Amino acid sequence: MNAIETENLKVWYGDKLVIKGVNLEIPEKTVFAIMGPSGCGKSTLLRAFNRLLELNEIARVEGDVKLYGKSVYEMDEVVVRRKIGMVFQIPNPFPHMSIYDNIALGVRYNKIAKNRKEIDKIVEWSLKKAALWEEVKDRLKDKASNLSGGQMQRLCIARALALRPEVLLMDEPTANLDPVSAKKIEELIFELKKELTIVIVTHSPAQAARVSDYVAFLYLGELVEVGKTEEIFEKPKNELTEKYLTGRMG
Amino acid sequence: MKIDKFKLALLPITTVVFGIFLLMLIVYVSQSIPIFKKEGLAIYTTNVWKASETGEEFYGVLAAIYGSVYTSVIAVLIALPLSIGFAVFVVDYAPKKLKEPLIVATDVMAGLPTILYGIWGAFVLVPLLKRFVMEPLYEHFSFIPLFSYPPITGYSYLSAGVLLAIMVTPFASAIIREAYRMVPRVYREGAYALGLTRFEATKVLLGYIKPAILSGFLLAFGRAIGETVAVSLVVGNTFNINPSLFAPGYTISSLIANQFGNAFIYNYMPSALFAAGLALFVIGLVINVAGLIMLRRWSHAKV
């Protein structure tokens, strides 16, 4: 079963075509990496999946994105974003809110829990899932801005998980973290794919090789090559992919 | 050592600006001393205005202090939802082509000579408020103290408060708008990515700029309390301490503006007015400094 499929997906910024007709199939419960040099449209592609592009006034989408066979552009955008969680390149927990509230926020507004007790449970569950519980369980009322960068990023993962998404989008989640924190996130990705589908954008082929089952290589808005990670890394069919993987382009 | 002549030339200018400020404060304090010596703190704690060329004079400006604070509070309470709503509209909803014109228009509104607001207030706003707000409320709800004063002329705390609200909204909204516009994109995206609706996301983001909103209102309060001419045209200029919104009153600045012309006939009235001015000076200074500190602390603490 495919968690996400795109059909001839095109994205314009103004009159500039930045995603040039992408067809992708992302199997469920796998880690699917989208890699490519910066500016190739990886983040844009990701934001077309959860319709976050709509925040950008000049962005226009054509084609379709399907979540388990249903077009996200025919669903309510709030529901789409609940089912497709997202973690960003810059850890962005709301700094003026507590650790607890950062997670409870989405839970409350999406009416996932009925009462305080249920919210408490979800907060604990998702912090455990994000491997952050042990570090923060005694300071849930602390401001999120007091956490380290790596902890903040795991808090963002926790708050996305709290909504029980079917897919988790990760936009270069380790780009701004130290190596130790980055490693923790990668381990977490490994754990999480048992339960949900992860689409991770990365500009590092090494990271794609470490964490993903499938990989797609995007270059200047076009899908150059896609397939099982080991196959592509062992034997890229396309010359561009080979260049990229061997570090002659990036 | 090389001497920077330009810097040297700027130094006296800076000194003069601050010197004038300091001297002004000194003048206010020294000119207030006679009335303090005569009455003590009664100048601030009583509501009396007994001017006499021959007999005993006595001045207490409590009514004006009360009126200043009362009208400014009304103004800020009205301006609060207006300016937040306006800021959010301009940043999030206004079509691109309308954004800049709206911003320019509000900045112009904030900078208009206040007498323009005053005349409009006296001739248009006051009759409208009297007819459509005060009279119906008085008719049906006069048992509530807020609405208990018969709106005979319409010149009242409410008129002054509403007029001030109209005047400070562009200013407060500019501060909020700039802060709201500066909310980093990652937080905006983060809020929406959590499945929040536009309204919910806006609430969260407004929470993020709360310190800026608060300081915007302190600064707006500071402006409102210092406003003179527009207020004196609509507040009624009556020594009155009344809880009702529809009662006429005085504000410190309108008191000074109204009484200054003939104050020098009397022995102590100039000093009393200086003392009233000193009160305004202190209130304004405290409010503005608090607002600025808050704004600065927020913009430095931002991630």
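Every chain is numbered from 1 and lettered A, B, ... according to where its sequence line falls, protein lines coming before strand lines. Note that these values count all heavy atoms, side chains included, but never hydrogens, waters or copies made by symmetry. Keep in mind that what you see is a predicted model, and the values were worked out from it rather than measured.
Across every non-hydrogen atom of B:A193 and A:F88, the tightest pair is CB-CZ, 3.8 Å.
Within the 4.5 Å cutoff, no side-chain heavy atoms of A:L55 are placed close to those of B:R185. Side-chain contact check for B:E189 versus A:R47: some heavy-atom pair is nearer than 4.5 Å. Residues B:Y187 and A:H96 fail the side-chain proximity criterion, which asks for heavy atoms closer than 4.5 Å.
Put simply, the side chain of A:N110 gets close to the backbone of B:L194: a donor and an acceptor are under 3.5 Å apart.
With a 4.5 angstrom heavy-atom cutoff, A:I58 touches chain B only via side-chain atoms. For B:R198, no part lies near chain A; criterion is any non-hydrogen pair under 4.5 Å. Contact annotation for A:P165: neither backbone nor side-chain heavy atoms come within less than 4.5 Å of a heavy atom of chain B.
With a 6.0 Å radius and a threshold of 12 heavy atoms from other residues, nucleotides or ligands, A:K16 has its NZ atom at or below the threshold. A:Y68 OH: more than 12 foreign heavy atoms inside a 6.0 Å radius. Shown here is A:N115, whose CG atom has more than 12 heavy atoms of other residues, nucleotides or ligands within 6.0 Å. Counting heavy-atom neighbours within 6.0 Å of B:K99 NZ, excluding the residue itself, gives a total above 12. For B:Y93, the OH atom counts as densely surrounded, since its 6.0 Å shell holds more than 12 non-hydrogen atoms of other residues, nucleotides or ligands.
For the pair B:E200 and A:R81, the salt-bridge criterion is not met [side-chain N within less than 4.0 Å of a carboxylate O].
Of the residues considered (A:E77, A:Q89, A:E57, A:M86), A:E57 shows the highest number of contacts with chain B, using heavy-atom pairs under 4.5 Å. When A:L169, A:V78, A:V107 are compared by the number of non-hydrogen pairs under 4.5 Å with chain B, A:V78 comes out ahead. Heavy-atom pairs under 4.5 Å with chain B were tallied for A:E54, A:K83, A:R82, A:R159; the largest tally goes to A:R159.
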